[in-house]
Every structure is written in C-alpha cells, then in structure tokens.
Amino acid sequence: MPVIMRKYWATAAFMLFLLCVWEIVVKLGIVPEYILPAPSSIIKSIIDTSALLWEHSLQTVREVVLGFLLAVALGIVLAVFMGIFPLVKQALYPLVVISQTIPIMAVAPLFIIWFGYGILPKLLVVTLVCFFPITVSLVEGFAAVDQDIIKLLQAMGASRRQILEKVSFPGALPSFFAGLKIAVTYSVMGAVIGEWLGASQGLGVYMTRSMNSFQTAQVFGSIVVITVLSLAFFGLVNLVARIVMPWYYQK
Amino acid sequence: MLEIHNLTKTYYLNTKTAERTDEGAMPETPTVLPTLDDISLQVKRGEFVSILGPSGCGKTTLFNLISGLEKPDRGAILLEGKDITGERGHVSYMLQKDLLFPWRTILENCILGMEIQGIPRKKAREKARTLLAEFNLAAYEDRYPHVLSGGMRQRAAFLRTMLANKEILLLDEPFGALDAYTKSEMHEWLMSIWSKYHPTILFITHDIEEALFLSDRIYVLSACPAKVKYSLTVALPRPRKRHVLVSEEFIQLKKLLLQILFE
C-alpha cells in the first residue's frame with residue numbers, strides 16, 4: 001500500500017517515537033506499571049486475552065452496525081421529510097438539535113430501565129449519537145443543491161419526484177457522506193457507553209471489569225481495540241463513499 | 001411558431017404596509033419593480049432570433065415566463081397557436097452556467113431531457129452517442145464534466161438542450177463566461193449545428209456582434225422596464241464566416257444597433 005505509506009509515514013514515525021519514549025519511561029521505573037503499563041505489556045495482554053477480546057468485540061460490533069444502520073435510516077427519513085415539507089423542517093429541526101444537548105450519560109441509564117439489559121438500549125444509544133450528524137448533513141445537502149439546476153428541470157417539465165431522484169439525492173451525497181463519517185467515529189464510543197451502564201458482554205463490559213480488577217494493561221488493550229474498530233468503520237464508510245461517488249473523488 | 005403577446009410583469013417587494021400602520025410604525029413604501037412592459041414578439045419555426053438589451057433589463061424574467069417558471073401579470077404566450085402561458089415542459093434552456101450535473105458523465109448529462117420524458121435510457125444513449133461524435137465530444141462521453149474545458153462544457157450543455165426535444169431552445173447568454181477567442185469559435189460552431197438541424201432558437205445577449213453574427217432577426221429591448229424598442233431583420237447572407245464581422249454591411253448594422261441601444 002504505497003499510497004497509505006506516503007500519506008501516513010510521518011504520523012506513523014511520530015507515533016513510534018512516542019511509543020518508544022513511553023516504553024523507556026515505564027521500563028526505567030519512573031512510572032509504575034499498574035498506573036501506566038508499557039506498550040509491550042499492552043501488546044502482550046492483547047495477545048494473551050485475544051479470545052476474550054474477540055468475543056466482546058463481536059458484541060460491540062453488532063451493536064455498532066445495527067445502531068448505525070438504524071441511525072442512517074432515521075436520518076434519511078427525517079431529512080427527506082424536512083427537505084420536502086418546510087413546515088416539518090421548521091417544527092423538527094430545533095428538536096433534532098435539542099436531542100443532542102441531552103447528556104448521553106443521563107439518558108443511557110433510562111434506556112436500561114425502559115428496555116432492560118439486552119441489546120436494544122445499546123442500539124438506541126448508538127442511534128441517538130449517530131443520527132444527528134447524518135440528519136443535519138443531509139438536510140444541509142438538500143438545501144445546498146443548485147437552484148438553477150432545479151429550475152432547469154422544472155422548465156423541462158420534470159415532476160417533483162424526478163427532481164428529488166435526479167438532483168436532490170445525488171447532489172446531497174457529498175454532504176451526506178461527510179455526516180456519515182462524523183457519525184461513524186462516534187458510533188463505537190456510543191456502544192461502549194451503553195455497555196458501561198449495564199451489559200453482560202461487549203468491550204465496555206470488558207473495560208469496566210478490567211478496571212475493577214486493576215488490570216490496567218487490559219484497559220489499554222480495550223482502548224486499542226476500540227480505536228482500531230472506529231478506524232475500520234471509518235475506512236469502510238470512506239470506501240463506500242468512493243464507490244458511490246467516483247465523480248467526487250476524481251476532482 | 002412561438003408568439004408572445006403583450007407580456008407585462010411587475011415585481012412587488014416589501015408589501016407589508018397595511019399591518020404595520022396599525023401599530024403606529026412607519027409605513028414602508030412598497031418597492032414596485034416594473035420589469036416587462038407590453039412585450040410582443042414572434043419566433044418562426046427554425047428561426048434564430050436574438051433579444052438584445054442592457055444587462056438587468058428583464059431578459060431573464062422573459063425567459064422564466066416563456067419556460068413557465070413564472071406567470072405574467074398580463075399577456076399570453078402561444079406555441080403553434082396554442083396558449084402555453086404558465087405551462088412548463090415546452091422549452092429547454094441553457095444558461096451561462098453550464099449546469100451540467102457533476103455526478104453524471106457527459107453522456108448521462110446529455111440524455112437528461114429524454115430521461116425526464118420517459119424515453120428508455122438505452123435508446124436515449126444511442127441517440128446521444130451519434131450526436132456526441134458530431135459535437136467532437138465522443139472521447140469524453142464517459143468522463144465527468146470537471147475534466148472538460150469551458151467551451152467543451154458549453155457544447156455538452158447545448159447538446160443536452162437540443163436532445164431535450166423541445167419546440168424552442170432558449171439560450172441565455174450561453175457564451176457570456178467564455179474568453180473572446182473561444183466565444184468566436186463557439187459562434188461558428190453553433191452556426192454549423194444550427195444550419196444542419198435548424199432548431200428554433202431564442203437567444204439572449206447584450207453583445208451586439210454576437211447577436212448580428214448569429215441571428216435572423218433581432219429584438220432590441222430598452223432598460224427597465226423592458227419594452228421592445230426596435231426590431232431588425234439581419235439580411236446578411238448565410239452561411240456566415242468570421243470575415244463577415246468586418247464587412248461594410250455588418251458595420252453599418254452594428255452602428256445602427258449601437259445608436260438604438262444607447263440613445
């Protein structure tokens with residue numbers, strides 16, 4: 001992957017440098033291992049507990065994928081209604097914004113009271129975190145479509161449906177994908193927060209258990225997995241964007 | 001034939017005076033913008049007619065009325081004797097901005113009009129391909145618009161306009177953003193296409209030379225509110241080549257138009 005290397009070699013080199021400093025500081029005994037484990041210990045713990053980590057990760061991935069898809073569906077439906085009916089936009093847009101000012105940490109326990117300890121409350125946390133950037137970016141995308149293009153189609157006698165399908169949707173795609181990228185980076189975090197508050201499986205559970213038993217290296221291990229997962233989801237969205245909008249990336 | 005009878009259009013801005021006065025606030029004077037005043041003109045089938053006038057004199061309003069995007073206060077628009085005032089779908093138009101969809105290839109852009117009419121995409125593509133070759137755009141049919149030069153984009157936009165299969169093509173300063181050299185190339189190119197297919201064209205411009213070089217007839221509009229000030233038949237022989245621009249007749253006509261425009 002020469003392109004990736006060319007793009008990220010500086011970041012990789014700097015990270016490697018930081019990791020070396022970190023390793024040396026811990027190995028010299030300046031910071032005790034139970035407070036800050038050395039990178040080598042973190043790697044070792046990831047390898048040692050890989051079976052367990054895998055199992056917990058799968059649960060988290062399931063929650064992220066389902067919650068994210070739900071958020072995409074909800075975001076599209078909301079944005080389309082807001083795009084077609086100005087009154088709906090006027091009524092709902094402030095509410096969509098308000099929904100984001102509610103602290104997740106306060107709502108998540110309520111979801112657990114209402115929906116139990118199953119997967120549903122975690123999905124809802126992921127959805128609540130993700131639908132906002134998706135909805136807003138799509139609404140903005142619809143609004144930013146060139147009005148002259150719409151007038152041209154109207155003059156040619158196009159129906160509202162044709163205008164929506166041939167102009168509004170493709171025109172809003174770049175903005176929509178920008179929103180998806182923001183949403184997907186929050187999604188894993190949302191699932192982990194949901195799990196913290198009450199679950200039997202998932203990276204959030206693994207993390208709290210490791211923390212309670214002072215397995216600091218395992219806490220770091222789960223952080224690494226969460227980061228890798230988030231990057232993987234981000235990469236996936238990016239890949240889909242490139243497939244769906246080749247014209248956008250050729251510029 | 002397109003006939004326009006006594007079109008009049010006035011815009012009103014800030015018309016909230018009535019409610020405001022009850023509350024003791026200063027009454028706002030509504031801004032009245034008479035834009036078109038009793039415009040009548042005709043374009044025969046296969047004719048190339050230009051509307052020449054100063055910028056901001058309501059030419060674009062006239063286009064919006066003909067294309068049915070807006071309704072006139074008074075007057076009627078007839079196409080082949082049928083009243084089409086306020087109806088959409090009879091014309092296709094082209095602006096200075098090419099309005100090509102960045103997410104569609106050149107070929108897909110060109111079939112837009114046929115697609116809207118419900119013509120199967122395969123058939124539409126075939127039809128567009130033959131013309132793309134003639135427009136020297138065949139090599140770009142699968143490319144996206146952003147790789148094309150300004151002149152090529154306007155050619156593609158014109159092809160899309162033509163392929164929309166409408167009775168009238170409205171061209172609103174289509175070459176206004178091009179450099180002088182490309183613009184004069186586009187004029188000769190447009191003439192060659194027009195003399196082959198004879199589409200009915202109504203062309204808006206504020207460029208006297210452009211209007212004279214291209215048109216069969218020219219209507220000169222006045223500044224706001226626009227009235228038809230003068231109409232002129234351009235008797236220059238066709239096909240016209242670039243050297244006609246410096247011929248005695250051409251310069252005489254140009255003098256006349258300059259005088260009318262700036263009187």
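In what follows, every chain begins at residue 1, and chains take the letters A, B, ... in the order their sequences are listed.
Residues A:Met156 and B:Tyr93 have side chains not in contact (no heavy-atom distance under 4.5 Å, counting atoms from C-beta outward). Side chains of A:Gln162 and B:Leu112 form no contact here, defined as non-hydrogen atoms less than 4.5 Å apart. For the pair A:Leu152 and B:Met94, the minimum side-chain heavy-atom distance is 4.5 Å or more. Residues B:Trp103 and A:Leu173 are not in side-chain contact: their nearest non-hydrogen atoms beyond the backbone lie 4.5 Å or more apart.
At most 12 non-hydrogen atoms from other residues, nucleotides or ligands lie less than 6.0 angstrom from CZ of A:Phe81. A 6.0 Å sphere centred on OH of A:Tyr93 holds more than 12 heavy atoms belonging to other residues, nucleotides or ligands. In A:Tyr186, the OH atom is not crowded: 12 or fewer heavy atoms of neighbouring residues, nucleotides or ligands sit closer than 6.0 Å. Summarising the local packing, CZ of A:Phe177 is surrounded by more than 12 heavy atoms from other residues, nucleotides or ligands at distances under 6.0 Å. Summarising the local packing, CZ of B:Arg125 is surrounded by more than 12 heavy atoms from other residues, nucleotides or ligands at distances under 6.0 Å. Residue B:Arg121 places its CZ atom among more than 12 non-hydrogen atoms of other residues, nucleotides or ligands, all under 6.0 Å distant. The local environment of OH in B:Tyr197 is crowded, with over 12 non-hydrogen atoms from other residues, nucleotides or ligands closer than 6.0 Å. Other residues, nucleotides and ligands place no more than 12 heavy atoms under 6.0 Å from the CH2 atom of A:Trp196.
From B:Glu108, atom CD reaches atom NZ of A:Lys166 across 10.0 Å, with rounding to the nearest 0.5 Å. Annotation: the span from A:Leu153 atom CG to B:Ile116 atom CD1 amounts to 4.0 Å, rounded to 0.5 Å.
When heavy atoms are compared at a cutoff of 4.5 Å, B:Arg104 approaches chain A solely by way of its side chain, counted from C-beta outward. For chain B, the nearby part of A:Asp146 is the side chain; its heavy atoms alone come within less than 4.5 Å. With a threshold of 4.5 angstrom between heavy atoms, B:Glu87 does not approach chain A through any atom at all. Contact annotation for B:Leu99: both backbone and side-chain heavy atoms come within less than 4.5 Å of a heavy atom of chain A.
When all heavy atoms of B:Pro102 and A:Trp247 are compared, the closest pair comes out as O-CB, 3.4 Å.
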